Protein chains: 2
Amino acid sequence: MTQKMNTEARREQMASAALNLLAERGSEGFNIADLAESVGLVPSAIYRHFEGREDVLDVALDLFRDRVYGLVEAARNEAQDPLMALELLLTRHARLIESGGAVPHIMASMSASEEHAARRAKTERIFAGYVARVESLVREGQESGQVRSDIDPTAATLLFVGMIQPAALLRHAEGERFDITVHAARVWDLFRRAVAQD
Amino acid sequence: MTQKMNTEARREQMASAALNLLAERGSEGFNIADLAESVGLVPSAIYRHFEGREDVLDVALDLFRDRVYGLVEAARNEAQDPLMALELLLTRHARLIESGGAVPHIMASMSASEEHAARRAKTERIFAGYVARVESLVREGQESGQVRSDIDPTAATLLFVGMIQPAALLRHAEGERFDITVHAARVWDLFRRAVAQD
DNA sequence: CCCCCATGTGAATCCATATTCACATCATAA
DNA sequence: TTATGATGTGAATATGGATTCACATGGGGG
């Protein structure tokens with residue numbers, strides 16, 4: 001038999017594995033059998049740790065939220081100023097996508113499901129929370145004078161948030177030929193020109 | 001019995017209805033029973049016009065491609081110059097989202113499916129084609145001197161393409177409180193500042 | 001005007017997954 | 001060291017959709 005594992009550790013392992021699967025296949029392609037296999041167990045074992053599929057998705061979403069919000073906080077803490085924090089955040093998103101942790105895919109695929117309204121609502125709340133956090137960086141930038149004060153902070157925020165998503169899609173389509181890191185640097189220049197105080 | 005209908009007309013009606021369903025629920029939530037109901041028929045009737053679910057999706061995707069590409073062409077034809085064409089395109093995307101024809105949802109949810117690699121590949125090709133069309137507008141803008149020539153056209157294009165997507169998500173989350181049309185106008189200003197020749 | 005075949009129907013059937021259950025086995029705490 | 005309860009297993013079972021099929025029927029060409 002496979003090694004037994006401490007409850008909490010196993011649960012986290014499963015949630016993390018679930019998130020990986022979600023990143024590559026979206027919520028549609030996500031299934032219990034694959035999840036079980038990815039942690040080296042049998043499907044029924046999943047039910048020792050979760051109520052069912054929907055519960056797994058719910059917990060994976062929690063993990064996703066924590067990681068994404070953590071990304072923003074880390075960028076804020078490590079950067080000298082708000083604008084630099086945004087740049088750092090963008091760079092890290094790019095790296096994340098490059099390594100397969102497809103954030104946009106997850107957001108998009110989870111929020112599309114009309115049934116399971118709870119899951120959808122939760123996804124949207126997570127997204128809104130992410131936007132709010134980025135927006136606070138933008139506002140701080142305005143207060144510190146780095147960011148023009150005559151622009152709408154929400155608009156600037158959504159412009160920022162949208163910079164990576166299409167790139168992630170195109171990367172799938174074009175593969176290696178498309179370098180996300182380079183792209184990130186280029187769009188950052190554009191974003192900076194759009195919002196920075198001269 | 002429900003009125004019988006000419007083959008071609010019925011097929012188109014079904015494809016169009018399928019696209020609507022896709023827009024609101026994504027490919028995960030899409031099912032034959034709902035499609036049948038939305039055209040006032042019984043599930044098995046769908047099979048008189050399509051090979052099966054995957055075939056429906058395929059044809060709906062064709063329709064989607066035509067409509068989206070058509071949007072770009074229309075904008076190009078109606079506008080005086082490339083930059084104006086982009087602005088028009090943005091405005092129309094916004095309107096489309098407002099009326100439920102959620103373009104980004106479709107793209108994202110279709111491209112997430114790992115299985116049915118064909119469908120995924122097709123979605124990505126459609127997206128790439130869309131990007132290419134927008135990019136040609138950007139390049140024309142550079143040639144005509146409206147757009148700065150020192151920026152990478154692909155980067156500018158993806159920045160443009162990303163402007164609407166997050167807004168669409170946020171709209172779902174915040175509902176009426178969030179006005180996409182107003183948002184579109186604001187991000188357009190930012191985009192213009194980023195790319196326009198002074 | 002009537003026939004014939006494509007369209008529409010409802011009742012099966014199939015299938016892929018999720019989920020449950022009875023049983024086995026390990027980890028650990030007393 | 002051993003008892004015990006939680007973890008893992010494999011074989012059912014349940015379920016929701018897709019798909020098939022035998023039959024009904026309406027509309028357009030002869």
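Chain letters run A, B, ... following the sequence lines, proteins first, then strands; residues in each count from 1. All values reported here derive from a predicted model rather than from experimental measurement.
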A.B. asks: Nearest to the A/Thr7 side chain among D/dT9, C/dG8, D/dA6, which nucleotide is it?
C.D. replies: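 The answer is D/dA6.
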A.B. asks: Return the value, rounded to whole Å, for the distance between atom CD of A/Glu37 and atom P of D/dG8.
C.D. replies: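 It works out to 16 Å between those atoms.
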A.B. asks: Closest to the A/Arg48 side chain: D/dA6, C/dC23, C/dT7?
C.D. replies: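 Side chain of A/Arg48 sits closest to C/dC23.
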A.B. asks: How long is the line joining CZ of B/Phe50 and C1' of D/dT19, in whole Å?
C.D. replies: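 Computing the B/Phe50:CZ to D/dT19:C1' distance gives 15 Å.
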A.B. asks: Among D/dG8, C/dT9, C/dA6, which nucleotide has an atom closest to any side-chain atom of B/Lys4?
C.D. replies: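 In terms of side-chain proximity for B/Lys4, the closest of D/dG8, C/dT9, C/dA6 is C/dA6.
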A.B. asks: Any side-chain N or O of A/Ser44 less than 4.0 Å from the OP1 or OP2 oxygen of D/dA11?
C.D. replies: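 Checking A/Ser44 against D/dA11: no side-chain N or O falls below 4.0 Å of OP1 or OP2.
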A.B. asks: Does the B/Glu124 side chain pair with the main chain of A/Leu170, one donor and one acceptor, at a distance under 3.5 Å?
C.D. replies: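 No, B/Glu124 side chain to A/Leu170 backbone: no donor-acceptor pair under 3.5 Å.
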A.B. asks: Quick one: does any side-chain atom of A/Arg95 pair with a main-chain N or O of A/Thr91 as donor and acceptor, under 3.5 Å?
C.D. replies: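 Flag not set: sc A/Arg95 to bb A/Thr91 has no pair under 3.5 Å.
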A.B. asks: Charged N to carboxylate O under 4.0 angstrom, B/Asp189 versus B/Arg192?
C.D. replies: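 No, no charged N to carboxylate O under 4.0 Å.
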A.B. asks: Flag the pair A/Arg139 and A/Glu143 as a salt bridge only when some basic side-chain nitrogen lies within less than 4.0 angstrom of an acidic carboxylate oxygen.
C.D. replies: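 A/Glu143 and A/Arg139: not salt-bridged.
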A.B. asks: Does D/dG8 have OP1 or OP2 sitting under 4.0 Å from an N or O in the side chain of A/Arg10?
C.D. replies: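 The answer is yes; a side-chain N or O of A/Arg10 sits under 4.0 Å from OP1 or OP2.
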A.B. asks: Between C1' on C/dT7 and CZ on B/Arg11, what's the gap in Å once rounded to a whole number?
C.D. replies: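 It is 15 Å, rounded to the nearest whole Å.
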A.B. asks: Check the angle between the aromatic planes of A/Phe178 and A/His183 and answer parallel, tilted or perpendicular using the 30° and 60° thresholds.
C.D. replies: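 Rings of A/Phe178 and A/His183: tilted, as their planes differ by 30° to 60°.
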A.B. asks: Starting at CD of A/Glu8 and ending at P of D/dT7, how long is that distance when rounded to a whole Å?
C.D. replies: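 Going from CD in A/Glu8 over to P in D/dT7 covers 10 Å.
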A.B. asks: So, the side chain of A/Ser16 versus the backbone of A/Glu12: is there a donor-acceptor pair under 3.5 Å, distance only?
C.D. replies: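 Not at all, since once roles are kept as given, no pair shorter than 3.5 Å links the two residues.
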A.B. asks: What integer distance in Å separates A/Asn6:CG from C/dC26:P?
C.D. replies: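 In whole Å, C/dC26 P lies 18 Å from A/Asn6 CG.
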A.B. asks: When the distance from CG of A/Asn31 to P of C/dC15 is rounded to whole Å, what number comes out?
C.D. replies: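 Going from A/Asn31 (CG) to C/dC15 (P), I get 18 Å.
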A.B. asks: Does the side chain of A/Gln3 get closer than 4.0 angstrom to OP1 or OP2 of D/dT7 through an N or O atom?
C.D. replies: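 For D/dT7, neither OP1 nor OP2 has a side-chain N or O of A/Gln3 closer than 4.0 Å.
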A.B. asks: Check whether any side-chain N or O of B/His49 sits under 4.0 Å from OP1 or OP2 of C/dA6, and answer yes or no.
C.D. replies: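 Checking C/dA6 against B/His49, no side-chain N or O comes under 4.0 Å of OP1 or OP2.
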A.B. asks: For B/Arg120, is there an ion pair with A/Glu28 - N to carboxylate O distance below 4.0 angstrom?
C.D. replies: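 Salt bridge absent between A/Glu28 and B/Arg120.
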A.B. asks: Would you mind telling me which of C/dT19, C/dG8, D/dT20 lies closest to the side-chain atoms of B/Tyr47?
C.D. replies: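 Closest nucleotide to the B/Tyr47 side chain: D/dT20.
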A.B. asks: Counting side-chain heavy atoms from CB outward, which of D/dG8, D/dC23, D/dA18 is closest to B/Arg53?
C.D. replies: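 Nearest listed nucleotide: D/dA18.
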A.B. asks: How many whole angstroms separate atom CG of A/Leu35 from atom P of C/dA18?
C.D. replies: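 My rounded result for the distance is 10 Å.
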A.B. asks: Do we get B/Arg53 above B/Phe30's six-membered ring, with its NZ or CZ under 6.0 Å from the centre and within 45° of the axis?
C.D. replies: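 No, cation not above the ring by the 6.0 Å, 45° rule.
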A.B. asks: Given C/dG10, D/dT9, D/dA18, which nucleotide is nearest the side-chain atoms of A/Leu41?
C.D. replies: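 The answer is D/dT9, which lies nearest to the side chain.
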A.B. asks: Rounded to the nearest angstrom, tell me the gap between atom CG in B/Leu57 and atom C1' in D/dA18.
C.D. replies: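 Value for this atom pair: 13 Å.
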A.B. asks: Note down the inter-axis angle between the two ends of the helix from C/dC1-D/dG30 to C/dA30-D/dT1, five pairs each, to the nearest 10°.
C.D. replies: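 End axes: 10° apart.
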